[in-house]
Visitor: 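One structure, as structure tokens, below. Some questions next.
Proteins come first, then strands; the chains are lettered A, B, ... in the order of their sequence lines, and each starts at number 1.
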Protein chains: 2
Amino acid sequence: MSAISSLVDHEQILDSAQACPAESASQNLHIKALLSKYPALTEDADAACWNMLNQAKLMTVPADTVLFHEAMECKHLMLIVKGQVRVYKDSPEGREVTLYRVEPGQLCVHNLNNLVNGLAYPIMAQTETDMQGLVIPRPIFHKTLEESASFRTYVLRTLTERLSHMVDLVSGFAFDRLDLRIACWLNHEFEKGCGKPIKITHSELAQELGTTREMVSRILKEFEHKRCVQLARGKIHLQCRHTLKLVSQGQGKK
Amino acid sequence: MSAISSLVDHEQILDSAQACPAESASQNLHIKALLSKYPALTEDADAACWNMLNQAKLMTVPADTVLFHEAMECKHLMLIVKGQVRVYKDSPEGREVTLYRVEPGQLCVHNLNNLVNGLAYPIMAQTETDMQGLVIPRPIFHKTLEESASFRTYVLRTLTERLSHMVDLVSGFAFDRLDLRIACWLNHEFEKGCGKPIKITHSELAQELGTTREMVSRILKEFEHKRCVQLARGKIHLQCRHTLKLVSQGQGKK
DNA sequence: CTTGCTATGTAACCTAAGTTACAGAAATTT
DNA sequence: AAATTTCTGTAACTTAGGTTACATAGCAAG
């Protein structure tokens, strides 16, 4: 079991949040700074959208907090300003798969699902780092959806993008061998971090991809033998980008 | 390979469609009849939504027509009136998984993705039966999204529902054994058809679930031995609902 | 009735993935 | 420094799923 602190009640979080009351237009600058990672949202934002953002409350959540879980209803939409949230599904046998990560510039679409359809969905979300987010109460969310074209576009885009991402996940599970999936994941991470070593343990990577620690250890060792990566405790170093790419494309199958 | 007729160009389809020009308010009745399976769309439809529906063209597509495919852009939204469309993903090795089916009352969310984000997504869609649909050109779709609250709600709902469905798919692949997935699928189909025999071949069922014909044959035979079902050429008969349910819940594992 | 096509059955085999069960290394705490 | 916890490595084994390779059955057209 990974380190999980206590489940936090949303209301409590809100009460203890550093409230930013809705105020003048100069407020926009402050909010805009917070949302610097949300160009898709703020760049063409109309008045209704700014109105919503100005009513949002900034809140801080420590790392490893469970934000919502199986069958929990959410009362707010959250725009993440700093930090990241992992959204995952767990199995009765104690395994996990990461569905996606919510980072600054994105919103949790299952949170959305909840707000739009009113039904809770058995899925988990947990902060991986200390997190700051802007909390938008449900009624304001709905009102803004009515009034703001720019917010609507943003929401629709996000939803459809996640959907495409989900299809990729499905097709990975259905068609790709585990070593390919791991190689792709590594590739992607190294790309994102410009080749910086990835900080992750084997069992975390297993939870990421819905498999077991032993499988990950085994396959990573293979990769090390092929000289794509170099392993260290809690870290994976990139050795040869090219070889890794080949492996992730199914070349050099064995 | 299943029977696939030729790929049809959308423009051509439209030209040969039985056009229903936008007209008076009496037209509403006609459209409403066509959309009887879309209560979520028509019940609370506002004027802007009706306006869109009245501009839609009714079109007919024969069975086994490829509606869109890898990297094809779509220029219209389609509301299905009669028949069904299978949306699936295929692998380089020639396997397939069904992602979902679009039936009357629903719309193809990948079609949506395309319309909203403007980018094509590598996915396939094909009519399984003769189909009738209302075609809404892209500009009208966007305009209505702006103007009609009821249409927006409908679109958002559909999207988030599909998303939940995708999570179920992922979690099935990640955690459930093939026999469970088959049992669940059968269960669901029998439920839908009130116990009527399911018309499907083993290799179609394999394409449904992203596996191979031999696996399906093997597992269905097991089920027959357990007396949940009875097999016939191209058909699966329900024998004991209770036993099937047990199997689909992972009871009677072996 | 024969030919041919499609669907199913099945055995033998192979391979990917998961499991069990440790051992030992690296970090962290006491 | 010793003790403890957290990671990693790995071998042996099991099982699920996929593959190959046929055999046979049902159906349909000529």
Side-chain angles (χ1 to χ4, degrees), chain A residues 1-4 64 91-97 172-185 197-226 229-237 247 250 252-254, chain B residues 1-4 64 91-97 172-185 197-226 229-237 247 250 252-254:
Chain A
M1 270 284 116
S2 61
I4 295 180
D64 295 317
S91 83
E93 290 82 32
R95 290 210 341 233
E96 296 183 2
V97 220
F173 273 108
F175 303 134
D176 299 341
R177 273 177 25 192
L178 187 54
D179 50 358
L180 288 203
R181 296 203 296 123
I182 293 182
C184 284
W185 189 91
I198 301 167
K199 275 195 199 123
I200 196 168
T201 68
H202 297 184
S203 84
E204 282 164 353
L205 184 45
Q207 296 193 322
E208 193 69 24
L209 299 177
T211 182
T212 60
R213 200 270 306 167
E214 291 84 346
M215 287 302 303
V216 170
S217 290
R218 185 191 297 175
I219 290 171
L220 283 180
K221 209 57 183 172
E222 270 176 33
F223 289 176
E224 196 174 39
H225 288 147
K226 287 181 182 157
V229 298
Q230 220 208 305
L231 304 179
R233 189 188 170 91
K235 265 179 269 177
I236 305 172
H237 295 262
V247 172
K253 277 223 167 176
K254 260 282 109 123
Chain B
M1 270 279 118
S2 62
I4 296 181
D64 296 317
S91 82
E93 290 81 33
R95 277 180 32 205
E96 296 183 3
V97 221
F173 272 108
F175 303 134
D176 300 339
R177 273 181 19 196
L178 186 54
D179 51 358
L180 287 204
R181 295 203 296 124
I182 292 181
C184 283
W185 190 91
I198 301 167
K199 275 194 199 124
I200 196 167
T201 68
H202 296 185
S203 81
E204 283 164 351
L205 184 45
Q207 298 194 319
E208 194 68 25
L209 299 177
T211 181
T212 60
R213 200 270 308 166
E214 291 84 345
M215 286 303 303
V216 171
S217 290
R218 184 192 295 176
I219 290 171
L220 283 179
K221 208 60 184 174
E222 270 177 32
F223 290 175
E224 196 175 41
H225 288 147
K226 285 181 183 157
V229 297
Q230 221 207 307
L231 304 178
R233 189 190 170 90
K235 266 179 268 176
I236 304 172
H237 296 261
V247 173
K253 278 223 169 180
K254 257 283 111 119

Visitor: From CG of B/L178 over to C1' of C/dA17, roughly how many Å is that when rounded to an integer?
Guide: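 The distance from CG of B/L178 to C1' of C/dA17 comes to 14 Å, rounded to the nearest Å.
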Visitor: Search all heavy atoms of A/A174 against all heavy atoms of B/R95 and return the closest pair with its distance.
Guide: O-NH2, 3.4 Å
Visitor: Check whether the side chain of B/R213 and the base of C/dG9 form a donor-acceptor pair under 3.5 Å.
Guide: yes
Visitor: Could you state the CG-C1' distance from B/L209 to D/dG17, rounded to the nearest angstrom?
Guide: 14 Å
Visitor: Nearest of D/dG9, C/dA16, D/dG17 to any side-chain atom of B/R177?
Guide: D/dG17
Visitor: Let me confirm one number: the CD-CD distance from B/E204 to B/Q207, rounded to the nearest 0.5 Å.
Guide: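 These two atoms lie 7.5 Å from each other.
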Visitor: Taking for each residue the nucleotide of DNA chain C bearing the nearest heavy atom, is the 5' side occupied by A/G210 or by B/K235?
Guide: B/K235
Visitor: Side chain of B/M215, heavy atoms from C-beta onward: which of C/dG9, D/dG18, C/dT10 has the nearest atom to it?
Guide: D/dG18
Visitor: Tell me: CG of B/L180 to C1' of D/dG17, nearest whole Å?
Guide: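 The distance from CG of B/L180 to C1' of D/dG17 comes to 14 Å, rounded to the nearest Å.
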Visitor: Rounded to the nearest Å, what distance is computed from the CZ atom of residue A/F175 to the P atom of nucleotide C/dA16?
Guide: 18 Å
Visitor: Evaluate the side-chain proximity of A/F175 to B/V97: yes if any heavy-atom separation is below 4.5 Å, no if none is.
Guide: yes
Visitor: Tell me whether the side-chain N/O atoms of B/H202 come closer than 4.0 Å to OP1 or OP2 in C/dT8.
Guide: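 Affirmative; the distance criterion is met.
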Visitor: How many whole angstroms separate atom CG of A/D176 from atom P of D/dG17?
Guide: 17 Å
Visitor: Test the B/R181-B/F173 pair against the cation-pi criterion, namely NZ or CZ under 6.0 angstrom from the six-membered ring centroid and within 45° of the ring axis.
Guide: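 Ring-cation test returns yes.
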Visitor: Who are the side chain to side chain donor-acceptor pair (under 3.5 Å) partners of B/E214, not counting sequence neighbours?
Guide: none
Visitor: Between the base of D/dG18 and the side chain of B/R95, is there any donor-acceptor pair under 3.5 Å?
Guide: no
Visitor: Look at A/T211 and C/dG18 and indicate whether a side-chain polar atom (N or O) is within less than 4.0 Å of OP1 or OP2.
Guide: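 Looking at the OP1 and OP2 atoms of C/dG18, one of them is under 4.0 Å from a side-chain N or O of A/T211.
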Visitor: Using a 4.5 Å cut-off on heavy atoms from C-beta on, say whether the side chain of A/D179 contacts that of A/V247.
Guide: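 A side-chain contact is absent here, since even the closest heavy-atom pair is not under 4.5 Å.
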Visitor: Between atom CD in B/E222 and atom P in C/dT10, what is the gap in whole Å?
Guide: 12 Å
Visitor: Base, sugar-phosphate or nothing for A/A232? Non-hydrogen atoms, less than 4.0 Å.
Guide: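 Touches sugar-phosphate only.
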Visitor: For DNA chain D, whose closest nucleotide is more 5', that of A/G234 or that of B/I219?
Guide: A/G234
Visitor: Tell me, please, which residues at least two apart from B/R213 pass side chain to side chain contact (heavy atoms under 4.5 Å, CB included).
Guide: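 Scan of B/R213 (side chain to side chain contact (heavy atoms under 4.5 Å, CB included), adjacent residues dropped) gives B/H202, B/S203, B/S217.
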Visitor: Expressed in angstrom and rounded to an integer, what is the separation of B/K221 atom NZ from D/dA25 atom P?
Guide: 12 Å
Visitor: Using every non-hydrogen atom in the two residues, find where A/L220 and A/V229 come nearest and quote the distance to one decimal.
Guide: O-CG2, 4.2 Å
Visitor: Rounded to the nearest angstrom, tell me the gap between atom CD in A/E224 and atom C1' in D/dT8.
Guide: 11 Å
Visitor: On DNA chain D, nearest-nucleotide positions of A/R218 versus A/L231: which is more 5'?
Guide: A/L231
Visitor: Looking only at the side chain of B/T201 (C-beta and beyond, no hydrogens), which of the listed nucleotides C/dA7, D/dT8, C/dG18 gets closest?
Guide: C/dA7
Visitor: Quick one: what's the B/S/- string for nucleotides 24-30 of chain C, heavy-atom cutoff under 4.0 Å, read 5' to 3'?
Guide: -BBS---
Visitor: Counting side-chain heavy atoms from C-beta on, which of D/dA12, C/dT8, D/dA21 comes nearest to B/E214?
Guide: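 Taking heavy atoms from C-beta onward, the closest nucleotide is D/dA21.
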